[in-house]
Structure formats: structure tokens, C-alpha cells
Number of protein chains: 2
Amino acid sequence: MPVHVPRQVDHKARRDQIAEALLDIVASQGLEAISVRAVAAQAGVSAGRIQHYFANKDELLAYAIEYQDWLVQQRWNEQTWPEGEPTPREALRWVLLETIPGDDRRRREWLVGVAYLIRMLANPKLRALYVDGLPRLYQLLADLVRMAQEAGDIAPDRDPGMEAELLFGLADSQGPPVVLGLRSPEQAAAAIDYYLDHLFQ
Amino acid sequence: MPVHVPRQVDHKARRDQIAEALLDIVASQGLEAISVRAVAAQAGVSAGRIQHYFANKDELLAYAIEYQDWLVQQRWNEQTWPEGEPTPREALRWVLLETIPGDDRRRREWLVGVAYLIRMLANPKLRALYVDGLPRLYQLLADLVRMAQEAGDIAPDRDPGMEAELLFGLADSQGPPVVLGLRSPEQAAAAIDYYLDHLFQ
DNA sequence: GTTTTACCAATACGAACGTATTGGAAAAAG
DNA sequence: CTTTTTCCAATACGTTCGTATTGGTAAAAC
């Protein structure tokens, strides 16, 4: 039972600031460029501070990707709609556009996801981030298609599962060309809108 | 003018053997795991040999991805069809299935492509590998759709450009789930066949 | 045989790495 | 004030890195 309790700082804020610096480096230079000293320099803190908050480099790398996952979930949870509930089409469009690396934030998330992918193969904890999320996304898309069908906005002979595959593939495949500057985010969004126009009656 | 010419080895074969080792490491452990010594060990040669054939690490990394690109092009060029020219549908199916990381070779190619992606952002030479190839692939898919339309096998109201987008997206989005073991190569192929069945009349 | 030089194994070297260790500042409780 | 403990800057240590350098081997030309 401690009698003397010294000051306490906000641990999560400290860790998150360090994770932010790490994610910036990963997105621009890849995982190869990550060193404790490089992250410290990017974050504007001492390497000692990083050692104080993370036992080793692996833990630091794991925290950063989980932090990014948390950031994305925050954004999805906090998404509010100006006028009540969105229609299935509005929700569908929002989800699909969300995956396009169109602004700095999403571009960083996309590149970090790519950079961590090979690590996921051998690391079950990292793998779970992808393996858990992907089927839920497919399910969400299929459900939205089904809802639009029931409302009569999509032809009843369309298969929701197949449409979910097509929609996800269409959105997902915009990533590389957009990130590489081969296609603008607006062009990518236009491709999705074009297909939505055909899908919805 | 050299009077004495000592023995010459097959330079390309030597470089390719080293590139093979590098690609194996990249696919299984990522670019972070690449060091001259690690590649030498994987290839079963001395580090001195690698130094002899590559001026520095960057040149080694550049050669390896160009070598992989060459391998892929070789396979595409050497593709022969058992009975004369393939139908557009057969060609379409072959191209789409080709992108799925279903066997060890394609799985390695897929993972290496992912690993190099961030490097492409800042490196024009690497960028060109992607930037040149992607539009040509879209064009090929759209042309095949158009040919099938002219043969009356696809409904004339389908837009070849949009169908090329959908087909590529569908095939491309199979990569992550297949590589992560979330979906079998057979399931990925089935998804493509299912859509082709709907596209073709 | 001698000579020449491509080939490459081995070693060396300085820089950068992950991390263990040390020491001190600073805030809260008594 | 003193005490306690968190926080972290600084330094040190052993390893690994990219690459420069050295030296020797062996095949081809003469």
C-alpha cells in the first residue's frame, strides 16, 4: 500500500503520441525505417521516453497498429448522419468511400495496413485484426444490399453475397492506383458511384 | 584492348539465384529482414559474391523486383493454349485467376509486390513497374469484354470499362483473404467463375 | 610453362541498431 | 522540510549492419 504517490501522466496520450510518429514513418518509408531512435526523433521525444513506455520494439510496433485500428473504429462509431438514419444506399456509399485512401489520414491508414500485412502472416495477434474485420465488412455490405432489395431499390434477382464481393472488390482495388497517383480520389469515388447507379434501380 | 580474357560465368544466372533468395525472404519476413548476409545465407553463397554482383543493397533490391517482373512476363508470354486461340471468356478467366495467390509461386509474387509498394511511392523506377502495368491490364480486360460482346456472349448494354473495373476488383480483392488463409484459392476461383457465369449469357 | 584478370572468400571498419543501466528531476504525501 | 516513486534523459554495451579492402584461386590467352 503506497503511502507516497508521485505525479501520474496520461499514459495513453504518451503512447499514442509515439504511435502517431511511428505510423507516419511507416506510411512514408515502410517498416524497414522503424528504429527506436527514428521514432523518437519523429515524435520529438527522447529515446528514453519510448523505452519507458514500451518494453521493446515489437511491443511498440504492436501497439501502433492496434492504435490505428482503434482510430478507425472510433471514426466508424462516431459517424453521425445529419438527418436521422441513412438509407441503405447512403450507408453503402459511405462505407465504400471510407476505404479509399483519399485524404492524408486514410492514405496513412492504407499504407500502414499494407506495410504490416506480411507481419500478420506469422503473428496471430496482428492477424486477428484483419481476420476478424474482413468477414464483418462483407456481412455489412451484403446486409445493406439485402435491405435495399427489401425496400425495392435493388432488383430482387441480384445476389447480395455476390454484390457484396463486387462492391468490396471495386472499392478495395481503388487503393493502389489512388495511392500511386495513377487515379485521383475523385475518379475512384466516381467509379463507385457509377456502379451504385447501375445497381440501384 | 584486353589480350588475356579469363573465364566468364553466367552473370544473369548468378544474379537471378541471389534474387531468388531475396524474394523468398521478402515474402516470408518482409523487407525489414533483408540484409546482405541474410540473402547470402538463404542463397547458400558468400556475402562476397553478392558484393561482386551488386554495387550496393539498393541495387540488389531493385534487381530482385525487376527479376520478379521479368518472371511474370515470361509466364504470360509463354502461355500457350491447347487448342488454337482461346475464347475471350477463356482468356478472361485465365488472366483473372492468374492474379490470385493460389500457389507458392504466385503467393510469393503477391507478397513481394505488397512489400515493395511503399518503396514505389518515392522511387520512380519501381513506380514504373506498377504504373505501366496496371492500365494495360485494365485495357486488356475491357478489350476482352468488348470482344465477347461482339461475339454475342455478353449483353450489349454492359459497359466494358465498368466490367473491367469490376472483374479486376473482384480478382484483386481475393488476394488478402487467400494469403491470410481466410479463403482457399478454390473459393476465390469459384467467386470469379460465379460472376463470369452471370456476365456471360 | 607464364601472364593476366575475372571471380569471390575473408576480413576489417565505422555507423546504427536494440536494449540494459544509471542517475537525477520533480511532484505528491506526510 | 523529508520521503517516496514515477518519469525519463543519458550513457553504455554488445550485435548487426552496409560496404571498403585485401588477398588468393583458377581459367583463358600466349
Side-chain angles (χ1 to χ4, degrees), chain A residues 1-26 28-65 115-116 119 122-123 126, chain B residues 1-26 28-65 115-116 119 122-123 126:
Chain A
M1 183 167 201
V3 180
H4 296 280
V5 177
R7 74 187 188 284
Q8 291 273 3
V9 299
D10 186 340
H11 287 189
K12 168 150 173 57
R14 288 272 203 267
R15 283 191 235 264
D16 290 355
Q17 182 203 358
I18 294 165
E20 280 285 333
L22 185 144
L23 295 176
D24 280 339
I25 297 176
V26 169
S28 58
Q29 301 171 254
L31 278 172
E32 319 99 90
I34 294 301
S35 72
V36 173
R37 284 167 239 253
V39 173
Q42 174 73 24
V45 303
S46 75
R49 178 119 113 202
I50 294 184
Q51 279 198 272
H52 185 72
Y53 286 104
F54 299 97
N56 52 47
K57 188 182 173 180
D58 268 359
E59 198 180 280
L60 169 59
L61 285 163
Y63 183 88
I65 189 71
Y116 271 81
R119 282 202 158 222
N123 186 326
L126 295 182
Chain B
M1 153 132 91
V3 180
H4 297 279
V5 177
R7 76 189 187 286
Q8 290 275 2
V9 299
D10 187 339
H11 286 189
K12 168 152 172 56
R14 289 271 204 269
R15 283 190 236 264
D16 290 355
Q17 182 203 358
I18 294 166
E20 280 285 333
L22 185 143
L23 295 176
D24 280 340
I25 298 176
V26 170
S28 59
Q29 299 172 257
L31 277 172
E32 319 99 90
I34 294 301
S35 71
V36 172
R37 285 166 240 254
V39 173
Q42 173 75 24
V45 303
S46 74
R49 177 119 111 200
I50 294 184
Q51 279 198 274
H52 185 71
Y53 286 104
F54 299 97
N56 52 48
K57 187 182 172 180
D58 267 0
E59 198 180 279
L60 169 59
L61 285 163
Y63 184 88
I65 188 73
Y116 271 80
R119 282 200 158 224
N123 186 325
L126 295 182

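Labels below follow one simple rule: chain letters A, B, ... track the order of the sequence lines, proteins then strands, and each chain is numbered from 1.
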What is the separation between atom CG on Asp58(B) and atom C1' on dC17(D), rounded to the nearest whole Å?
14 Å
Taking 4.0 Å as the cut-off, does a side-chain nitrogen or oxygen of Arg14(A) come that near to OP1 or OP2 on dC8(D)?
yes
Nearest nucleotide by nearest heavy atom, which residue falls closer to the 5' end of DNA chain D, Val9(A) or Arg37(B)?
Val9(A)
Return the 5'-most residue of the pair Ala47(B), Asn56(A) with respect to DNA chain C, ranking by each residue's nearest nucleotide.
Ala47(B)
Within-4.5 Å side-chain heavy-atom neighbours: Arg119(A) and Asp58(A):
yes
Rounded to whole Å, CZ of Arg15(A) lies from P of dT6(D) at a distance of 14 Å
By the 4.0 Å heavy-atom rule, please label Ile34(B) as base, sugar-phosphate, or nothing.
sugar-phosphate
Please tell me if the side chains of Glu59(B) and Asn56(B) come closer than 4.5 Å, counting only heavy atoms from C-beta onward.
yes
Would one find a side-chain N or O of Gln8(A) under 4.0 angstrom from OP1 or OP2 of dC7(D)?
yes
Looking at Ser35(A), does any N or O in its side chain come under 4.0 Å of the phosphate oxygens OP1/OP2 on dA16(C)?
no
For a 4.5 angstrom cut-off between non-hydrogen side-chain atoms, does Arg14(B) reach Val45(B)?
no
Between dA20(C), dC8(D), dC7(C), which nucleotide gets closest to the side-chain atoms of Tyr53(B)?
dC7(C)
Is the shortest side-chain N/O distance from His11(A) to OP1 or OP2 of dT6(D) below 4.0 Å?
no
With heavy-atom distances below 4.5 Å as the criterion, would you say the side chains of Glu32(A) and Ile34(B) are in contact?
no
Output the rounded distance in Å from CG (Leu22(B)) to C1' (dG18(D)).
15 Å
